[in-house]
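Heads up, the thing below is written out as structure tokens.
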Amino acid sequence: MALFGALFLALLAGAHAEFPGCKIRVTSKALELVKQEGLRFLEQELETITIPDLRGKEGHFYYNISEKVYDFLSTFITSGMRFLLNQQICPVLYHTGTVLLNALLDTVPVRSSVDELVGIDYSLMKDPVASTSNLDMDFRGAFFPLTERNWSLPNRAVEPQLQEEERMVYVAFSEFFFDSAMESYFRAGALQLSLVGDKVPHDLDILLRATYFGSIVLLSPAVIDSPLKLELRVLAPPRCTIKPSGTTVSVTASVTIALVPPDKPEVQLSSMTMDARLSAKMALRGKALRTQLDLRRFRIYSNHSALESLALIPLQAPLKTMLQIGVMPMLNERTWRGVQIPLPEGINFVREVVTNHAGFLTIGADLHFAKGLREVIEKNRPADIGASTAPPPSTAAV
């Protein structure tokens with residue numbers, strides 16, 4: 001009975017375990033690049049270390065060395081010299097490297113703002129898993145409205161998988177990653193658009209007035225020539241679907257057409273529902289995930305009757321054109337700005353390849369140091385490092 005209870009609790013815990021929305025794999029190729037950059041940094045750091053004149057005696061051997069580190073290292077190293085080396089150089093390097101490496105890691109974003117409306121949570125869900133060839137990290141990968149920082153969308157998407165090792169870095173995103181972004185913007189009230197007067201395309205304005213002429217002509221003369229208003233409001237959070245064939249976003253919105261007379265209540269002419277399907281192409285530029293959206297499918301129908309839906313057919317093409325010309329560029333201006341991937345400052349992605357799977361996508365890329373390691377560390381160096389003293393001497397070997 002106890003065994004059954006333990007098994008039940010384990011299954012229950014597994015059922016509630018949350019999958020990561022984002023995974024990152026760092027391969028041995030990337031680690032080798034970072035190693036080479038680190039060695040270059042250490043060489044530069046050695047050049048800045050000042051060692052006092054070394055004088056002494058070891059047996060019958062007398063030495064007097066002044067500011068010649070490399071000559072000193074190339075000399076016959078006796079036990080006494082090794083002791084002096086450990087006393088003078090190793091503690092300085094250890095202290096400097098530890099403090100400055102922490103400053104570098106502090107540049108990795110964990111929970112930060114994306115814009116004035118939403119933020120993103122890249123907190124690690126568990127300790128990184130290291131193997132002989134890879135370092136795998138699971139991140140929460142969840143967006144949230146800045147006005148509701150404790151809000152969290154339940155993750156019911158499949159767990160993204162990483163199998164490849166050819167590139168330096170692989171990043172995987174599940175449908176949850178994108179769904180949480182769209183729901184956050186929906187909750188923030190950003191998924192709505194209102195066009196009034198001159199903002200409505202001229203050809204569409206004429207077509208809409210002709211379509212609803214029967215309703216307009218019955219209105220007061222003071223209202224007939226009032227500016228036209230076209231309002232789009234997303235009714236529910238859009239949803240992302242990732243398949244090997246591509247990525248799509250499904251959107252359902254209300255479309256309201258009204259006249260807006262000055263200093264008077266607006267007069268609604270029609271209200272309809274719009275279903276749209278957008279294709280989405282992802283790319284990594286620098287270290288930002290960017291998205292390009294394209295309107296693929298579009299239909300409108302009446303909320304009242306099938307007969308009114310038939311009457312809306314002439315509006316289908318003009319409204320779709322208006323969305324493609326007037327709305328999609330605004331969406332893409334925002335989505336192409338992208339969202340940052342959790343990488344230290346100064347490291348960018350290059351030569352990326354996007355692969356779609358069932359429920360998630362992966363992006364493989366190589367790394368490029370846009371800035372030298374020293375430049376990144378110096379920028380984030382705490383103010384008191386330069387004035388800090390070295391740690392107590394150590395006899396541990398380098």
Check: [Y] main-chain N/O paired with [X] side-chain donor or acceptor under 3.5 Å:
X	Y	value
K23	P160	yes
N332	Q292	no
D136	R25	no
T291	T335	no
N155	F19	yes
Y301	L310	no
R167	A365	no
E352	F349	no

Please examine the side chains of [Y] and [X], heavy atoms only from C-beta on, and report whether any two atoms are closer than 4.5 Å.
X	Y	answer
I216	L269	yes
I300	L315	yes
E231	K229	yes
L230	L228	no
S302	M272	no
S112	Q340	no
R209	D205	yes
R111	S123	no

Got a salt bridge between [X] and [Y], using NZ or NE/NH1/NH2 to carboxylate O under 4.0 Å?
X	Y	answer
E175	R239	no
D115	R334	yes
D294	R296	yes
E165	K29	no

Between [X] and [Y], what is the shortest heavy-atom contact and its length?
X	Y	value
S226	L259	O-CD2, 3.5 Å
L146	S113	CD2-OG, 3.8 Å
P318	P314	CD-O, 3.2 Å
C22	V171	SG-CG1, 3.9 Å

With T362 as partner, the option from Q163, H357, Q161 fulfilling side chain to side chain donor-acceptor pair (under 3.5 Å) is H357
Residues that F173 engages under ring-ring contact (aromatic ring centres under 6.0 Å, His included), provided they are two or more places apart
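Partners of F173 by the ring-ring contact (aromatic ring centres under 6.0 Å, His included) criterion, ordered by chain and then number, come out as F177.
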Quick one: ring-ring contact (aromatic ring centres under 6.0 Å, His included) partners of F176, sequence neighbours excluded?
none
Stepwise, does the side chain to side chain contact (heavy atoms under 4.5 Å, CB included) test hold for I257 with Q268?
CA-CA 6 Å; I257 302 169; Q268 181 174 307; over 6 Å; no
Find out if a path of hydrophobic residues (ILVMFWY) with successive side-chain heavy-atom gaps under 4.5 Å connects [X] to [Y].
X	Y	result
L207	L232	yes
M274	L293	yes
I363	Y170	no
M182	L117	yes
V260	V217	no

Side chain to side chain contact (heavy atoms under 4.5 Å, CB included) evaluation trace for I24 with V26
CA-CA 7 Å; I24 294 183; V26 181; 4.2 Å; yes
In sequence, state the C-alpha distance, the side-chain angles, and the governing distance for S270 and Y212, and then conclude on side chain to side chain donor-acceptor pair (under 3.5 Å).
CA-CA 8 Å; S270 179; Y212 296 103; 3.1 Å; yes
Any cation-pi pair here, R187 with F144, using under 6.0 Å and within 45°?
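Not flagged: R187 not positioned over aromatic ring of F144.
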Distance only, no hydrogens: is a donor on one side chain within 3.5 Å (strictly under) of an acceptor on the other, for [X] and [Y]?
X	Y	result
S152	R140	yes
T27	N134	no
S245	N356	no

If you count the non-hydrogen atoms of other residues, nucleotides and ligands that lie under 6.0 Å from CZ in R337, is the total more than 12?
yes
Output the distance between atom CZ (F360) and atom CZ (F178), rounded to the nearest 0.5 Å.
12.0 Å
